[in-house]
Amino acid sequence: MDERSAVTSLAALAQGMRLRIFRTLVGAGPQGLTPGALAATLDVPGSTLSFHLKELMHAGMVSQERDGRNLIYRPSLEQMNALLVYLTAHCCQATDGTTCEVASPPGCTTC
């Protein structure tokens, strides 16, 4: 990931509703959620949800797939992981012997 992609991803997530949408999709995992399920879970109007999903898709943080008459939105775990790698790439390079620890989500074995 380059700086431009990182900024785009971070900008997409730097809005409360988009962050909640993305976290909800991450919680749902690779199976994803329909817009109706997302709207019900987050108690958000469909038009608002659509606007924010478009922004997340533009940033590559979310993908969309048609399944018959339904749309399924999924988190882009690859993009999320690439962003985390980019953000932590220079971790522990201090010259004063300082150490750091990059945390991983508890119980997560697939991301």
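Excluded from the calculations below are hydrogen atoms, water molecules and symmetry mates; all remaining heavy atoms, backbone and side chain alike, are included.
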Quiz prompt | Flag side-chain contact, heavy atom, 4.5 Å: L53 against L38 | solution = yes

Quiz prompt | Spacing of OG1 belonging to T24 relative to CG belonging to L42, to within rounding of 0.5 Å | solution = 4.0 Å

Practice problem: For residues L13 and M61, determine if any side-chain heavy atom of one lies less than 4.5 Å from a side-chain heavy atom of the other. | Solution: yes

Quiz item: How long is the gap from CZ on F51 to CD on Q15, to the nearest 0.5 Å?
Solution: 8.0 Å

Exercise. Ignoring hydrogens and angles, tell me if any N or O in the side chain of T48 forms a donor-acceptor pair with the backbone of V44 under 3.5 Å.
Key: no

Quiz item: Does the side chain of L10 come within less than 4.5 Å of L87's, by heavy atoms?
Solution: yes

Quiz item: Between the side chain of D67 and the main-chain N/O of N70, is any donor-acceptor distance below 3.5 Å?
Solution: no

Quiz prompt | From CZ (R20) to CG (D43), nearest 0.5 Å | solution = 10.5 Å

Quiz item: Do E55 and R18 sit within salt-bridge range, that is, some charged N less than 4.0 Å from a carboxylate O?
Solution: no

Practice problem: Determine whether M17 and V62 fall in the same hydrophobic cluster, where Ile, Leu, Val, Met, Phe, Trp and Tyr are linked whenever their side-chain heavy atoms lie under 4.5 Å apart. | Solution: yes

Quiz item: Could you state the interatomic distance from CG (L84) to CD (Q79), rounded to the nearest 0.5 Å?
Solution: 10.5 Å

Quiz item: Once you round to the nearest 0.5 Å, how far does CG of L49 lie from CG of L56?
Solution: 9.5 Å

Practice problem: Check the pair Q64 / I72 against side chain to side chain contact (heavy atoms under 4.5 Å, CB included), numbers first and verdict last. | Solution: CA-CA 6 Å; Q64 175 192 69; I72 307 293; over 6 Å; no

Quiz prompt | Donor-acceptor contact present, side-chain R66 to main-chain L71, <3.5 Å | solution = no

Exercise. Please test V26 against M80 for side chain to side chain contact (heavy atoms under 4.5 Å, CB included), starting from the C-alpha separation and ending with a verdict.
Key: CA-CA 10 Å; V26 168; M80 178 186 75; 4.1 Å; yes

Quiz item: Going through the distances and angles, do M1 and S9 end up as a side chain to side chain contact (heavy atoms under 4.5 Å, CB included)?
Solution: CA-CA 10 Å; M1 174 172 284; S9 295; 4.2 Å; yes

Quiz item: Is the closest side-chain heavy-atom distance between S63 and Y73 below 4.5 Å?
Solution: no

Quiz prompt | Minimal non-hydrogen separation, G60 against S76, with atom names | solution = O-CB, 3.2 Å

